[in-house]
Each structure stands twice: as C-alpha cells, then as structure tokens.
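In what follows, a structure is listed as structure tokens, so that the remarks can point back to it.
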Amino acid sequence: MDLAIRCGGLVKKYDRVTAVDGLDLSVRRGECFGLLGPNGAGKTTTVEVLEGLLEPTSGDVEVLGMRWDRDERALRQRLGISLQETHLPDKLTVEEVLTLFRSFFDAGRPVGEVLDLVSLSDKRGSWTEKLSGGQKQRLAVACALVSDPELLFLDEPTTGLDPQSRRQLWEVVLGFKSRGRTVLLTTHYMDEAERLCDRVAVVDRGKVIALGTPAELIASLGGQQVIVAQLDGAVPDGDLSGLPGVHRLSRAGGAVSLAVEKLHQTLPALLALAQARGAALTQLSTHQATLEDVFVNLTGRQLRE
C-alpha cells in the first residue's frame, strides 16, 4: 500500500505529561484522513511531530517515504501546512503575503491561480488586517497551497468560523483532494469529518481508540438512530438496554444515549418504563447516529469536554 504517512509507537512527553502515548497511524496517498478528538487528546501534538515541528520522544515516523532527520529540505518543498493559528503581517496585502510564501519554494502554483482557488481574488489588494475571520483563514490555507504540495496538513482549519466560511473551506479541501493529493485534517466538528474524510481515527488521551470510515464507525454502534434522555429518577441500565431495538447504551453528562434501530418501537417502551419506575423525563431528543455518538460510546465523554 502506498502511504503518505506512517508512524508507529509514536510517543511525545513534556516533563511528566504524556501528550501522545504509543500512537500508530497510516495515511494512504490520495485520501483525506481525519484525526478526531477533544481538546487535549493529542491531535495537534501528533500533527506537529508529523510536520517536523516537534521531535518525538520515541517512535518511528515517515512522511512521503522520507524522514525528518535526513530529508528535511526535500520534505519542506512537498508539504503544505496550515497551523491552528496563523498570524500574518497586518500591513501586507493579500497578494503580497501569498507572493512571499510562494518565494519560499522552488516550484508551485501562480499566486493568481491560488487566489481564485480560495475565492480571494477580489481582496488581493486588501491589507490582511481588513479581512474577516473566514477570509484570513482562507488566506492561511492559500499560503499552504501555493507550493502545490503533495500532502496538506490542516489543524482545525474551521474553528470559530461561520457556517458559510466553513463550507467555503470545505470546497477548497475537496478540490485539492480531487487532484489526487493527500490531506491530514484535525477537527472536533463531526459534520466536517463526515463530509470531508475518507477515513478517521478517533484519538483520546494520546491513543487511537477507533479507526475506519465514518460510515463504518457509525455502523459499529449497531443502530442508526440515537435517543438521548435525561431521567429524574433511577432506572437501571439493564432495564434500558432491554428495551426493544436497543443496540448500545452509554452515559455522558448525566444523560443516557441509546443507539436503536427503530424509533417507533423503542420510544413508547422508554416512556412506559420511565412511568413504571416513577422517573420523570426532563430531556428527550432523537437524532441520526453520528461520529459524536461513537466517541461517547467509546469514552463516556462528549468530544468538547
């Protein structure tokens, strides 16, 4: 299998804190691969090791078949990197910023072409300090794309953006991938991962705890619908698991989540059980199963905790 990234037994420690704890990862060429997990899970640390920005404490890392300790310059020419936060000079124009970044590479794409790609052509003469949050983020991604990289790293690229700006960036990522290039994306937005990623690894406490396509991970719950209920009163998990159509039960934040196959069978039985036990339903909602539900089922925590 042709791999863009391979790491085995990756460990990164800061004094007594282990940020990455024996992580194994393989990313195929031509795919968009997502690293999912809450803040502090080790996603950014892992990516910064892969980008050559951090030295691993231990482990084996290969990027595009090369290693940072012997192929650094060659690797820098073939990667595009957009960090979690990018600070650009306020008094440079959009075109000047992109021209500056293009000068760092031996080859790449024309500045005007990349501006068109990220829909910033009309802002080419504007100072960066005048851009909106979404426009600044698209400019940061443009700086990563101007070298025409084989592998693009995007660390939580849409955090804090409005829905329209997020979707504009999604189209940029999908366009890059359509050219046969590889993307490694970190995010804690489940809809983003489901829309963009061919495969995802769920990371928690520095380890990969689940790996597969979004559809495979969601299917692992056993049910395509999820009931979330807050019960004011004791109802044993065994009684809840025994309701018709329940495949999985998990608890997080005081609520119980039931992965079910057929809502019309489980909901009436849940209401009857709550009434029989004298437990008031203070919260009740249903939704299609998502990667968020996968994470709750695996860890008992919400992704944003």
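By convention here, the first residue in the shown sequence is residue 1.
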> side chain to side chain contact (heavy atoms under 4.5 Å, CB included) between V208 and D24: does it pass, once the steps are laid out?
Replying inline: CA-CA 7 Å; V208 173; D24 298 317; over 6 Å; no

>> Can you confirm whether the side chains of D21 and T18 place a donor and an acceptor under 3.5 Å from each other?
In response: no

> Should the pair K91-E129 be classified as a salt bridge under the 4.0 Å nitrogen-to-oxygen rule?
Replying inline: yes

>> If I compare all heavy atoms of L75 with all of V63, which pair ends up nearest, and what's the gap?
In response: CD2-O, 3.3 Å

>> Is the shortest side-chain heavy-atom distance between L36 and L291 below 4.5 Å?
In response: yes

>> Checking side-chain polar atoms at under 3.5 Å, does D155 have a donor or acceptor matched by the opposite partner on T186?
In response: yes

> Taking atom types as modelled, is there a side-chain donor on Q225 or E261 under 3.5 Å from an acceptor on the other?
Replying inline: no

>> If you compare all heavy atoms of R29 against all heavy atoms of G65, which two are closest, and at what distance to 0.1 Å?
In response: NH2-N, 4.4 Å

>> Can you give me the closest heavy-atom contact between D204 and P38, atom names plus distance?
In response: OD1-CG, 4.0 Å

> Between E192 and T158, is any side-chain donor less than 3.5 angstrom from a side-chain acceptor?
Replying inline: yes

> In terms of hydrophobic clusters joined by side-chain contacts under 4.5 Å, are F33 and V141 together?
Replying inline: no

> How close do D90 and W127 get, heavy atom to heavy atom, and via which atoms?
Replying inline: O-CB, 3.4 Å

